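Remember, it's a predicted structure, so these values are computed and weren't measured experimentally.
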Amino acid sequence: MDVKSDQSDEAQGLRLVRAFLSLPPDKRAEVIAFVEELARAQGRPEAGTEASPT
């Protein structure tokens with residue numbers, strides 16, 4: 001990746017964080033629940049648990 005792409009990714013990440021923080025608390029909770037569900041669907045371990053070796 002070049003520097004320009006890295007800066008673009010960083011700027012996009014900051015925009016996403018800003019948008020998330022501008023949401024009301026109930027909508028933030030919905031976003032967090034949605035992301036957690038996506039993580040579970042992809043087979044990632046829950047927070048606080050260890051992944052089993054494959």
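Taking hydrophobic clusters as Ile, Leu, Val, Met, Phe, Trp and Tyr residues chained together by side-chain heavy-atom distances below 4.5 Å, Val17 shares a cluster with Leu23. Ile32 and Leu16 are assigned to two separate hydrophobic clusters, defined by single-linkage of ILVMFWY side chains at heavy-atom distances under 4.5 Å.
Applying the side-chain contact (heavy atoms from CB on, under 4.5 Å) rule to Pro24 yields the partners Asp26, Lys27; only residues at least two apart in sequence or on another chain are considered. Residues that satisfy the side-chain contact (heavy atoms from CB on, under 4.5 Å) test with Glu10, not counting sequence neighbours, are Leu14.
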